[in-house]
Structure formats: C-alpha cells, structure tokens
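Since the model is a prediction, treat every value here as computed from it, not as a measurement. Reckoned from all heavy atoms, side chains included, excluding hydrogens, waters and symmetry mates. Just so it is clear: chains get the letters A, B, ... in the order the sequence lines come, proteins before strands, and each one is counted from 1.
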Protein chains: 2
Amino acid sequence: MVRQHGRATGMKLTKISAIRRKELRQAAFQVLQQEGMAGATLEKVATHAGASKGIVLHYFRNKQELFEHAMREANLALSEAVSARLRQATTPYERLEAVIEGNFEARFFQPSICHAWLSLCAEVPREPQLARIQTVIHARMRSNLMSALVHLLPRAECEAVALSITTLIDGLWLRAGLQSEGLSRDIALAQMRDYLDHRLPRRG
Amino acid sequence: MVRQHGRATGMKLTKISAIRRKELRQAAFQVLQQEGMAGATLEKVATHAGASKGIVLHYFRNKQELFEHAMREANLALSEAVSARLRQATTPYERLEAVIEGNFEARFFQPSICHAWLSLCAEVPREPQLARIQTVIHARMRSNLMSALVHLLPRAECEAVALSITTLIDGLWLRAGLQSEGLSRDIALAQMRDYLDHRLPRRG
DNA sequence: TCAATTGTTGACCCATTGGTCAGTTTTCTA
DNA sequence: TAGAAAACTGACCAATGGGTCAACAATTGA
C-alpha cells in the first residue's frame, strides 16, 4: 500500500511519487548487491535509478530510511513468494515445503542477493529500524513454520525444530553470500530435505 | 623488519613491534564489536589502543590489512579453543562435541563478537583477502568434522552432515549477532545437540 | 657515548559523501 | 490555461576519514 509507512500525514501519494519511491528502493537494493553497504552511496543509487542525488533525499529523509525501505521491499518479494506457495499447499508437510522452497527460489537465492542481505544484517545491531524489520521477518518465519509443525510433531519439539529450520536457512544464505561461486540451490535444498527426513517422523 | 604476517614463524620480530601489532589487531576487533565496519575508523582503533592514527598505518599498510589481521587474530583464538578441546577428546563423538562446544564457548559466543564477525563477513565478497581467510576457516571446520564423522556415519553422508553442522553453527552465530538480547548459549547448544541426536545413529 | 634504527606523533592533503538549498521544470487542478 | 504543487536538478557545504609526511623521541648496539 506504500502510503509511506505511517509518517502520519495524509499523503496524497501521487502516482509518480509511488513509482519513484519504488524505483529508488529497488535501485538501493541493487547497489547493495554490487557494492555492499560501505560502497552504497546516495549518488550511486541515484545514478542507478537514472536520477540525481537530490531526488533520493527528496523521497527519503536520509540514507538510513532509504535502506530501511530497501530491506522492506526485498523482504516483501521473498515473503510474497512464500505466501503464494503457502496458498497452494494443503497438507502440513506441503506447507513446510512451501516455506523452505520459497526461501530458495532461484530468483532469490543468488550470491549477490545473499550478499546484499548480509550487508543489511550487519547493520542491524546499529540501526533500530532494521532490527525491527528483522524481528518481524523472524516472527513470520516462525509462525509459518509452527503452523505446519504442530501437525507433524509433538508440541514440545516444534519450537526447537522451527528454530533449526530458520537457522539452517539463514546459515545457507550466509554461506551463499560468502562463497563467490555460491552454494548451489540444489545443495541447499538437499540440506534442508536431509534435515527434515531425519528430524520429522517417518511418513508416507 | 617486522617479519610481517607472522606466518614464516622466523619470529625475530622486535618485541615492541610484535606487541603493538597485536594490540592494534585486538583494538581493531574491539572497535568492530562496538561500531561495525562502517564506524570502525582508523582514528577510533588508534584511540582504543591508546595510540595515534599515524602508528596504525605505520604497522599496517592500510585499513584493509588491519582488519584482515583482526579477522585472523579473532579466528586464531576460536581455532585454538577448538584445538584444545580436540586434544582432550578421545572418541569420534567427543571430537564432534569438541568442535561444537569450542564454537560456543562463553567467551566467544557473545552478541558483540558475533556482530563483529558478521561485519567482517559482509566485507568478504569485496575483499579477496578476507575471502581467503574465510575459505581457510571453512576448510578447517570441515576437516575437523569429517575426521570425526567418518567413524560415525556411512561415508556418503558425512559431507552433508558436516555441511549441516557448519551451517547450523553459522546460522546460530548470525542469529546471536542479530538479536540484541542474543541467543543464549544454552539454546544454541541445545539446538546442536538436537540435531546430532536425530542425525547420528543411536549410540550408547 | 653516539649514531642508526625504530617508534610515534600530529599536522596536512584530498577525495568522498551525506545532506541542504535555491531555483527550474513538469504535472496537476480549478 | 494560469497558477499552485510536486518533481527534479546541480551547485554548494561541512564533516569525515584514509593516507602521507616531516620531524621528533626512544631504543639499541657497537
């Protein structure tokens, strides 16, 4: 809905405004992929979006706000991918798969994207806004997993397994961001399957 | 001559030179803990070590080299902790535990340290030196794990399990660096144990 | 003891960058 | 279609930070 998050004001939200903001958020994330947080300058973001530096600060209070929105935007895409898969899933196990496979879709699980993500994560401890977003992301991940796990495992184990799955996903993303050759999607998915096969009770 | 990069263990090494370098490496890592890579300026590192900016660049070519050494230093500590535990271990299972518990020793597994580590990781894709160090770290981790796993599992599964363990450790560190309250050591260790209990064949 | 080496400092340079602003162009609307 | 509002630009500013350098202090060793 954009409505540029709360910032109160009635905010008419001209079309152009919405479009430019989105362009800039995306440009910011793309620059992040190539340059990391250190090299992600306002000028580069502007250039990347085919605009001038001035306009970036016209739409975003400052650098932090820009990258905060970039993080939201990037997460939204991933989040929607998972939701879409979740909608197709009928059984608990399928819902588990939906969450996992959504997180490893080819268009997301790429070294440069993982790297951008890593850069954002590294800022989390010093940027309360980013921390909040991160919290939300983790909460949703947990919730998605739990809703499936409670039907597959004794209640007492669900929490731990949900955390393990999240941890594995994070760890694999980290690895993919670290190794330039990247960790292949197949290996990542195989890892996740291996975990589920051994941790979940046998089933048909 | 400084005999840079300690590697060639020749170790003539003026005393003062060796000491200063170590102080600076450590100061660099500490600043990283508090400020992240963005805020880790040469001036701050110098101040933190009770010296002037000039001296930092007297001992290290440039900022990259300084933080490269900081990463080496930090890793060395962790690495030695694992080695020490490994030396005490007799059975393969104990060796596994040594690696895991070494990676979660209380003095290492702290939010600020995990955070510093995260900051370093975020630079890896753009800093070939850091990438090399990271590669070495992963290689040693894998090797340590494999030497234990081959006695506990069919050969074909070892590689995957070693990767899973590494991934879990990385993921838990990441999480600890992200959440300010941090992930408690107990939970982290419980996670690892839970994984091993389900992935390794039953044993006495 | 006296040079030579090493350690150390602080001033200085320069490129970069986040952010401001005054003013110009485009778009919207009455 | 005029004028208000929004979009947009580029120049400018102040601060920061990496890196250089010349000079000074301490240490060493012959």
Side-chain angles (χ1 to χ4, degrees), chain A residues 2-4 7-28 31-32 34-70 119-120 123 126-127 129-130, chain B residues 1-4 6 10-28 31-32 34-70 119 123 126-127 129-130:
Chain A
V2 181
R3 194 79 16 158
Q4 40 216 38
R7 187 107 23 240
T9 45
M11 267 299 125
K12 265 184 278 208
L13 182 59
T14 20
K15 275 185 204 98
I16 295 189
S17 157
I19 291 174
R20 263 282 170 283
R21 286 175 73 88
K22 180 159 200 163
E23 279 174 4
L24 291 171
R25 273 173 290 175
Q26 292 178 340
V31 171
L32 217 50
Q34 296 163 12
E35 320 263 6
M37 186 58 82
T41 139
L42 291 181
E43 188 93 36
K44 279 181 195 156
V45 172
T47 305
H48 203 91
S52 70
K53 186 172 67 163
I55 209 60
V56 178
L57 291 155
H58 174 66
Y59 285 111
F60 299 92
R61 257 187 194 24
N62 51 37
K63 201 186 178 187
Q64 290 114 45
E65 194 179 296
L66 170 63
F67 284 99
E68 176 196 326
H69 282 251
S119 299
L120 251 4
E123 297 301 310
R126 226 160 301 85
E127 215 78 58
Q129 283 307 317
L130 297 190
Chain B
M1 209 288 98
V2 175
R3 198 79 18 157
Q4 327 241 48
M11 277 295 144
K12 198 198 309 234
L13 219 42
T14 350
K15 273 181 205 104
I16 296 189
S17 158
I19 292 173
R20 267 279 170 285
R21 287 175 73 89
K22 179 158 201 164
E23 279 173 4
L24 291 172
R25 272 174 291 175
Q26 292 178 340
V31 171
L32 218 49
Q34 295 163 12
E35 320 263 5
M37 185 59 82
T41 133
L42 292 181
E43 188 92 36
K44 279 181 195 155
V45 171
T47 304
H48 203 91
S52 69
K53 185 172 67 164
I55 209 60
V56 178
L57 291 155
H58 174 67
Y59 286 111
F60 299 91
R61 259 186 196 24
N62 50 37
K63 202 187 178 187
Q64 292 114 42
E65 193 179 298
L66 171 63
F67 284 98
E68 176 195 327
H69 282 249
S119 300
E123 297 301 311
R126 226 159 302 84
E127 216 76 60
Q129 282 306 317
L130 297 190

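To the nearest angstrom, C1' of D:dG17 lies 12 Å from CZ of B:F67. Residue A:R21 contributes atom CZ, which lies 14 Å from atom C1' of D:dA6 at whole-angstrom precision. Atom CD in B:E35 sits roughly 13 Å away from atom P in D:dT16 (whole-Å rounding). Summarising the geometry, the separation between CD on A:E23 and P on D:dA7 is reported as 13 Å, rounded to the nearest angstrom.
Here B:R20 reaches the OP1 or OP2 of C:dT8: one of its side-chain N or O atoms lies under 4.0 Å away. Neither OP1 nor OP2 of D:dC8 sits under 4.0 Å from any side-chain N or O of A:H58. Listed pair A:Y59 / D:dA6 fails the phosphate criterion, with no side-chain N or O lying under 4.0 Å from OP1 or OP2.
Taking OH of A:Y59 as the reference point, atom CD of A:E23 lies at 9.0 Å (rounded to 0.5 Å). The line from CD of B:E68 to CD of B:E123 is 13.0 Å long, rounded to the nearest 0.5 Å.
In this structure the side chain of A:V45 reaches within 4.5 angstrom of the side chain of A:F67, judged on heavy atoms. For the pair A:Q34/A:K44, no side-chain contact is recorded, criterion being any heavy-atom separation below 4.5 Å from C-beta on.
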Between the protein and nucleotides 15-20 of chain C, which nitrogen or oxygen pairs come in under 3.5 angstrom?
residue: C:dG18; atom: OP1; partner: A:K63; partner atom: NZ; Å: 3.0
residue: C:dG18; atom: OP2; partner: A:T41; partner atom: OG1; Å: 3.4
residue: C:dG18; atom: OP2; partner: A:L42; partner atom: N; Å: 3.0
residue: C:dG18; atom: N7; partner: A:K53; partner atom: NZ; Å: 3.0
residue: C:dG19; atom: OP2; partner: A:K63; partner atom: N; Å: 2.8
residue: C:dG19; atom: N7; partner: A:K53; partner atom: NZ; Å: 3.4
residue: C:dG19; atom: O6; partner: A:K53; partner atom: NZ; Å: 2.6

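Listed for the B:R25 side chain is a donor-acceptor partner under 3.5 Å among the backbone atoms of B:R21. For B:K63 (side chain) and B:A40 (main-chain N/O), a donor-acceptor pair under 3.5 Å exists by modelled atom type.
Set against D:dC8, C:dG7, C:dG10, the side chain of B:S52 has C:dG10 as its closest nucleotide.
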